[in-house]
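Note sheet for the following structure.
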Amino acid sequence: MPNRTDQPEPEDRANTLWGGRFSGGPAAIMRRINASIAVDKRLYAEDIAGSLAHCAMLVARGIIPPEDGAAIARGLEQIRGEIESGAFRFSAANEDIHLNIEARLAELIGPAAGRLHTARSRNDQVATDFRLWVRGAIDRIDAALCDVQAALIGQAEAHADTVMPGFTHLQIAQPVTLGHHLLAYVEMLGRDRSRFADCRRRLNECPLGAAALAGTAFPIDRDMTAQALGFERPAANSLDAVSDRDFAIEFLAAAALAGTHLSRFAEEIVLWTSDAFGFVRLSDAFTTGSSMMPQKRNPDAAELVRAKTGRLTGALVALLTVMKGLPLAYQKDMQEDKPPVFEAADALELSLAATAGVVRDMRPDRARLAAAAARGYSTATDLADWLVRVAGVPFRQAHHMTGEIVKRAEATGCALAELPLAELQAIAPAITSDVYEALIVERSIAGRTSFGGTAPSRVREAAAAARRRFLA
Ligand code: ARG
């Protein structure tokens with residue numbers, strides 16, 4: 001028989017932690033919509049750290065007796081142990097991680113537990129816990145981004161002179177080196193890291209002591225708790241401290257963008273490992289087979305990294321939408337801040353680890369890359385440039401003549417370098433036999449020595465610089 005969800009469950013009493021003015025318990029459905037413990041139990045370590053800091057400050061300021069402070073600290077350490085060993089029994093009746101821990105503390109140490117919440121509210125408590133959690137996630141993600149960069153730089157060094165076609169519009173445009181291509185992602189991930197670092201700097205202010213919204217009449221020391229928790233300073237405004245979630249939104253924005261970068265790379269891996277391209281091979285470790293088509297090697301890891309971006313962008317939009325109409329200060333809506341942040345952090349961490357694995361695993365096929373680099377009249381720009389540099393032809397005119405030469409080659413079904421000199425001269429009289437040098441892919445690449453360019457010498461320099469900038 002289905003439960004009636006509009007009535008209190010028989011065993012429900014008013015909540016012992018906030019139920020003074022309540023005589024009945026919540027309806028079952030009220031409890032279900034209200035409880036966040038299934039999600040926010042992930043904040044247990046931060047919650048305990050915040051409580052320990054708060055408790056030490058209350059003792060230091062003479063707000064609670066030292067014996068009670070010591071009992072609270074011991075109890076909190078025991079709870080940490082219970083949670084980490086799996087012995088702790090989380091209860092939905094106690095709503096969230098804060099009340100679960102406080103209820104257990106009361107079981108363990110008795111009435112002294114009731115002093116911990118002096119000069120504190122769950123509002124400043126959760127804001128503090130969540131900032132600590134996001135800060136930890138940023139540190140893990142930074143390390144993971146750095147690891148992907150290390151993998152990319154390693155491959156870039158190994159392939160500083162491996163030629164491949166560079167594309168625009170997914171049409172072969174000009175030859176580049178694979179090392180150069182991979183270092184492009186190193187730059188993107190470097191900017192992602194700086195966005196996370198920026199977010200970390202801004203979020204690193206301590207809400208604790210803002211209490212419910214207005215501050216407190218107890219003589220607390222906000223600098224002390226801020227310092228104990230590794231925050232730069234206490235948050236300046238108590239209303240803002242309990243109701244700001246832009247740190248979480250910034251985190252999600254940085255995550256969505258990092259995910260977008262990973263997704264672009266993943267898309268390239270999918271293309272490159274396809275039969276049509278055949279640029280790169282992945283080992284059995286990063287591919288899967290098909291249950292029907294025995295010949296298949298599917299780049300599932302890359303496909304899933306590409307797809308996880310949907311969650312990241314979705315999480316950003318979800319939290320922006322939760323926050324957009326909220327008046328000051330805390331509103332229960334804000335409890336919905338955690339699922340998107342946890343989901344995004346998990347998805348991004350998994351994607352980063354998978355991407356690092358794929359990068360280290362990939363084996364580029366130099367021969368196929370070189371053959372593709374020579375296709376598509378990829379050195380046509382070099383021919384036009386030659387006309388400008390050697391024969392003094394204005395670039396627009398050189399571009400036009402080269403276009404005609406490409407048309408001629410296309411009609412004959414040959415490469416540019418296979419056209420006889422007389423045919424080239426019929427279109428561009430200034431051409432001499434020296435031009436053939438310029439049409440060689442390796443020559444084209446070696447010549448692109450402008451700063452940030454694709455010449456192997458530049459790529460080696462850039463990889464060394466990337467090591468210093470990002471991996472030091
Ligand atoms: N579980 C709540 C959250 O995550 C904690 C804060 C509750 N505050 C309150 N006044 N009911 O937002």
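One-based numbering, in listed order, for ligands and for the atoms of each. Just so you know, these numbers use all the heavy atoms, side chains as well, and skip hydrogens, waters and symmetry mates. As the structure is a computational prediction, the values presented were derived from the model and not from experiment.
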Query raised in the report: Looking only at distance, does Tyr330 have an N or O less than 3.5 Å from an N or O of ligand 1?
Result: yes

Query raised in the report: Regarding Gln125 and His54, is there a side-chain donor-to-acceptor distance under 3.5 Å anywhere?
Result: no

Report summary line: Logged contact type for Gln125 with ligand 1, heavy-atom cut-off 4.0 Å, is neither

Report summary line: of all protein heavy atoms, closest to atom 9 (C) of ligand 1 is Asn123 OD1, 3.4 Å

**Report entry** Nearest-neighbour protein heavy atom for atom 11 (N) of ligand 1, which is reported as residue plus atom name and distance
**Finding:** Arg122 NH2, 3.6 Å

Requested in this report: Below 4.0 angstrom from a heavy atom of Ser36, which ligand 1 atoms are there? Numbered from 1 as shown, please.
Outcome: 1 (N)

Query raised in the report: Where is the nearest protein heavy atom to atom 5 (C) of ligand 1: which residue, which atom, and how far?
Result: Asp96 OD2, 3.4 Å

Report summary line: For atom 4 (O) of ligand 1, the closest protein heavy atom turns out to be Lys338 NZ, 2.6 Å

Query raised in the report: Under 3.5 Å, is there a donor-acceptor pair linking the side chains of Arg120 and His117?
Result: yes

Query raised in the report: Do Tyr44 and Glu84 have a side chain donor and acceptor closer than 3.5 Å?
Result: yes

Query raised in the report: Within a radius of less than 6.0 Å around NZ of Lys332, do more than 12 heavy atoms belonging to other residues, nucleotides or ligands occur?
Result: yes

Requested in this report: Please could you name the atoms of ligand 1 that His98 approaches to less than 4.0 Å, counting only its heavy atoms?
Outcome: 5 (C)

Report task. State, without any angle test, whether Thr287 and Asn298 hold a side-chain donor-acceptor pair at a distance under 3.5 Å. Result -> no

Query raised in the report: When you look at CZ of Arg458, are more than 12 heavy atoms from neighbouring residues, nucleotides or ligands closer to it than 6.0 Å?
Result: yes

Report task. Note the single closest protein heavy atom to atom 2 (C) of ligand 1, along with its residue, its atom name and the distance in Å. Result -> Gln335 OE1, 3.2 Å

Report task. Establish, for the pair Arg42 and Phe342, whether the NZ or CZ atom is under 6.0 angstrom from the six-membered ring centre and no further than 45 degrees off its axis. Result -> yes

